[in-house]
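What follows is one structure encoded as structure tokens, with my remarks underneath.
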Amino acid sequence: MIKLVYCIYRRPDLGFAAFSKTWLEDHAPLVRQYAAAIRAVRYVQSHSQLPELNQVLQASRDMPAGYDGITELWWPTLEAFQNGMQQPDAIEAGRALKRDEARFIDFQRSTMFLTQEHQIFSDTA
């Protein structure tokens with residue numbers, strides 16, 4: 001699996017509650033709508049929680065403030081990602097998603113990158 005990781009900071013003019021609501025209630029259904037067009041097989045949003053505890057954790061490593069959230073999108077293979085994103089419907093979907101993201105994401109501070117997972121353990125019991 002190939003995963004796109006999108007580390008997100010909210011726009012400075014949005015409070016966290018408004019950002020989180022827009023991302024989850026407005027943007028998530030749009031991603032679902034375009035999933036087939038972009039050939040994505042999984043989509044997860046992780047919204048930051050426990051800001052006071054996060055500050056303690058960040059201070060313990062002398063780190064800056066963390067992201068407001070992380071989006072993860074999966075494709076079965078790199079080829080599926082590359083081939084899918086070149087199709088006209090995927091290009092239009094990408095444009096529509098970016099337009100919507102501009103409503104709540106600070107693009108200048110956020111980042112995204114492709115990854116391949118290497119599972120080390122999975123003890124969830």
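From a predicted model like this one, the values you see are computed outputs, not experimental measurements.
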Checklist entry - For residues Q45 and H47, is any side-chain donor paired with an opposing acceptor at under 3.5 Å? => result yes
Checklist entry - Quick one: do R10 and D68 make a salt bridge, cutoff under 4.0 Å? => result yes
Next on the checklist: Taking ring pair (Phe, Tyr, Trp, His ring centres under 6.0 Å) as the cut-off, I'd like each qualifying pair that reaches into residues 57-85, sequence neighbours left out, listed once.
Outcome noted: Y9-Y67, W75-F81
Checklist entry - Do T71 and V44 have side chains that get closer than 4.5 Å, going by heavy atoms? => result no
Checklist entry - Between K21 and D26, is the closest basic N to carboxylate O distance under 4.0 Å? => result no
Checklist outcome for this item: Hits for side chain to side chain donor-acceptor pair (under 3.5 Å) against E72, two or more places apart or cross-chain, chain-then-number order -> K3
Checklist entry - Who pairs with F16 by ring pair (Phe, Tyr, Trp, His ring centres under 6.0 Å), at least two apart in sequence or on another chain? => result F19
Checklist entry - How about T22 and H27: do any of their side-chain heavy atoms sit closer than 4.5 Å? => result no
Checklist entry - Going hydrophobic residue to hydrophobic residue with side-chain gaps under 4.5 angstrom, can you get from L24 over to L97? => result no
Next on the checklist: Just verifying a value: how many Å separate L57 CG and R61 CZ, rounded to the nearest 0.5 Å?
Outcome noted: 8.0 Å
Atom pairs and distances, side-chain donor-acceptor, residues 31-42, under 3.5 Å, sequence neighbours left out:
from, atom 1, to, atom 2, distance (Å)
R39, NH1, A37, O, 2.2
R39, NH1, D89, OD1, 2.9
R39, NH1, D89, OD2, 3.3

Item to check | For Q116, all residues meeting side chain to side chain donor-acceptor pair (under 3.5 Å), sequence neighbours excluded | outcome: none
Next on the checklist: Going by the rule ring pair (Phe, Tyr, Trp, His ring centres under 6.0 Å), which residues pair with Y6 if we only count those two or more places apart in sequence or in a different chain?
Outcome noted: none
Item to check | Spacing of CE belonging to M1 relative to CG belonging to L78, to within rounding of 0.5 Å | outcome: 13.0 Å
Next on the checklist: Rounded to the nearest 0.5 Å, what separates atom CD1 in I2 from atom OG1 in T115?
Outcome noted: 7.5 Å
